[in-house]
Amino acid sequence: MKQEIEIEFKNLLTKDEFLRMKQAFHIDDDAFSYQENHYFDTPSFSLKEKGAALRIRVKQHTHTLTLKQTITEGLLETHEPLTAEEAEMLLKGTSDFPDEMEALLQSLGVIPNSIHYFGTLATYRAEFPYEGGLLVLDHSLYLQTEDYEVEYETVDRVHGKAIFEQLLASMNIPIRPTKNKIKRFYEKKYEEEEQR
């Protein structure tokens, strides 16, 4: 199991803004890789209530189980590599989570066997170095929805925020309060269930 602190800034984009950023940074379509995020929670959204999120990311034939927890300086991410078979069994609900991840979930007061798979968000992603950090362009598809987003990952919150806001200003892109992908996914899922 591996842990890291992630400090990132994000902003939703219109399709036109997304295309302008691609053009400004000379990003071709073949620079985008494909990944899937498979999200998990309890029926009562216990993880969400605790400011946490659990997913399996499938990217370039790798499968990684990640628990994200909100902390003062950003997000604490705990990663556990999985085989394709282990990931498939978790998605089907026919396997327990790895022991260390189960212990971490229990420490949050969440019963691991109450957690189940909720759905998938697919993303086409391009990432490249920018001003000492990593700039990411995402085009995501989920629940009959698509959205566009720019993220900036950095090691310094104050300096990173200034760089990110300067980039948006230089491209005439307004700063928009932007929820993370899992929150957007769950809000859309909730909307769909309310409409049934």
Side-chain angles (χ1 to χ4, degrees), residues 1-6 8 10-13 32-71 74-125 136-149 151 153 176-196:
M1 210 161 58
K2 176 185 155 197
Q3 289 189 314
E4 63 183 349
I5 293 174
E6 180 181 71
E8 68 178 11
K10 52 183 68 219
N11 203 70
L12 281 171
L13 302 173
F32 284 79
S33 62
Y34 178 76
Q35 64 187 37
E36 292 177 345
N37 292 323
H38 304 289
Y39 294 124
F40 295 80
D41 208 329
T42 68
S44 60
F45 298 103
S46 302
L47 286 167
K48 181 176 172 251
E49 284 178 11
K50 295 175 186 307
L54 186 66
R55 70 162 190 234
I56 293 175
R57 174 169 284 169
V58 181
K59 180 180 177 181
Q60 298 169 341
H61 310 295
T62 65
H63 300 75
T64 307
L65 178 65
T66 298
L67 177 67
K68 291 190 172 199
Q69 298 168 266
T70 305
I71 58 172
L75 292 171
L76 174 64
E77 294 189 343
T78 304
H79 306 288
E80 179 78 36
L82 301 172
T83 65
E85 294 75 22
E86 289 169 334
E88 187 64 27
M89 288 168 63
L90 285 171
L91 288 168
K92 289 179 177 173
T94 58
S95 172
D96 292 333
F97 291 100
D99 291 344
E100 290 179 312
M101 191 64 78
E102 284 220 350
L104 199 49
L105 292 165
Q106 287 169 344
S107 75
L108 290 173
V110 177
I111 301 165
N113 66 8
S114 68
I115 296 172
H116 67 270
Y117 163 67
F118 264 91
T120 298
L121 180 146
T123 299
Y124 293 91
R125 167 170 284 190
V136 179
L137 288 177
D138 282 344
H139 174 201
S140 296
L141 304 135
Y142 55 100
L143 304 171
Q144 289 77 53
T145 300
E146 65 182 312
D147 64 33
Y148 302 87
E149 178 181 23
E151 295 182 359
E153 296 180 12
R176 300 178 178 102
T178 300
K179 295 173 181 167
N180 63 29
K181 287 180 183 64
I182 193 166
K183 286 182 181 168
R184 300 198 308 265
F185 173 87
Y186 279 132
E187 283 180 1
K188 196 68 181 172
K189 181 125 183 125
Y190 182 75
E191 276 176 31
E192 282 191 359
E193 288 175 2
E194 284 290 293
Q195 291 169 3
R196 287 181 188 161

Quick one: CG on L13 to CG on L137, what's the gap to the nearest 0.5 Å?
7.0 Å
Do E36 and L121 pass the side-chain contact (heavy atoms from CB on, under 4.5 Å) test, and can you show the C-alpha distance, the side-chain angles, and the key distance before you say yes or no?
CA-CA 6 Å; E36 292 177 345; L121 180 146; over 6 Å; no
In Å, rounded to the nearest 0.5 Å, how long is the span from CG of L90 to NE2 of H116?
13.5 Å
Sub-3.5 Å donor-acceptor pair from the side chain of T64 to the main-chain atoms of H79, do we have one?
no
For atom CD1 of I111, decide whether the heavy atoms of other residues, nucleotides or ligands shown that lie under 6.0 angstrom number more than 12.
no
Does the side chain of T120 come under 3.5 Å of the side chain of H38 through a donor N or O and an acceptor N or O?
yes
Is a side-chain donor or acceptor of T70 paired with a backbone partner of G51 at a separation under 3.5 angstrom?
yes
Does the side chain of R57 reach to within under 4.5 Å of the side chain of T62, using non-hydrogen atoms?
no
Find the distance between CD (E88) and OG1 (T83) and round it off to the nearest 0.5 Å.
10.5 Å
Verify side-chain contact (heavy atoms from CB on, under 4.5 Å) between V110 and T42, making sure each step is shown before the conclusion.
CA-CA 8 Å; V110 177; T42 68; 3.9 Å; yes
Using the test side-chain hydrogen bond (donor to acceptor under 3.5 Å, both in side chains), find all partners of K179 that sit at least two apart in sequence or belong to another chain.
E187
Hey, is D147 close enough to K181 for a salt bridge, meaning N to O under 4.0 Å?
no
Do K48 and D41 sit within salt-bridge range, that is, some charged N less than 4.0 Å from a carboxylate O?
no
Knowing that exactly one of K10, Q35, R125 qualifies, which makes a side chain to side chain donor-acceptor pair (under 3.5 Å) with D138?
R125
Taking C-beta and beyond as the side chain, do R184 and L12 meet within less than 4.5 Å on heavy atoms?
yes
Which atom of P43 lies closest to which atom of S114, heavy atoms considered
CD-O, 3.3 Å
From CA spacing to verdict: side-chain contact (heavy atoms from CB on, under 4.5 Å), Q106, L104
CA-CA 5 Å; Q106 287 169 344; L104 199 49; over 6 Å; no
Hey, would you say the Y117 and Y39 ring centroids sit under 6.0 Å apart?
no
Nearest heavy-atom contact between A122 and Y34 is CB-OH, 3.5 Å
Can you tell if the side chain of L54 reaches within under 4.5 Å of the side chain of I182, non-hydrogen atoms only?
no
Flag for T78-Q3: side-chain donor and acceptor within less than 3.5 Å:
yes
Centre-to-centre under 6.0 Å for F118 and F45, is that the case here?
yes
Within-4.5 Å side-chain heavy-atom neighbours: L47 and L108:
yes
Check this for me, if you would: do E6 and K68 make a salt bridge, where the nitrogen-to-carboxylate-oxygen distance has to be below 4.0 angstrom?
yes
Under 3.5 Å side-chain donor-acceptor pair for Y142 and Q144
no
Judged by modelled atom types alone, do T123 and S140 share a side-chain donor-acceptor pair under 3.5 Å?
yes
To the nearest 0.5 Å, what is the distance between CE (M1) and OG1 (T66)?
11.0 Å
For the NE2 atom of H139 and the OH atom of Y124, what is their distance to the nearest 0.5 Å?
8.5 Å
Side chains of L91 and F40, heavy atoms from C-beta outward: is any pair under 4.5 Å?
yes
Check: L82 and P98 side chains under 4.5 Å, non-hydrogen atoms:
yes
To the nearest 0.5 angstrom, please state how far the CD1 atom of I115 sits from the OG atom of S46.
8.0 Å
If you measure from the Lys or Arg side-chain nitrogens to the Asp or Glu carboxylate oxygens, is any gap between R176 and E149 under 4.0 Å?
no
Side-chain donor/acceptor of T145 to backbone N/O of L143, under 3.5 Å:
yes
Any donor-acceptor pair under 3.5 Å linking the side-chain atoms of H63 with those of E86?
no
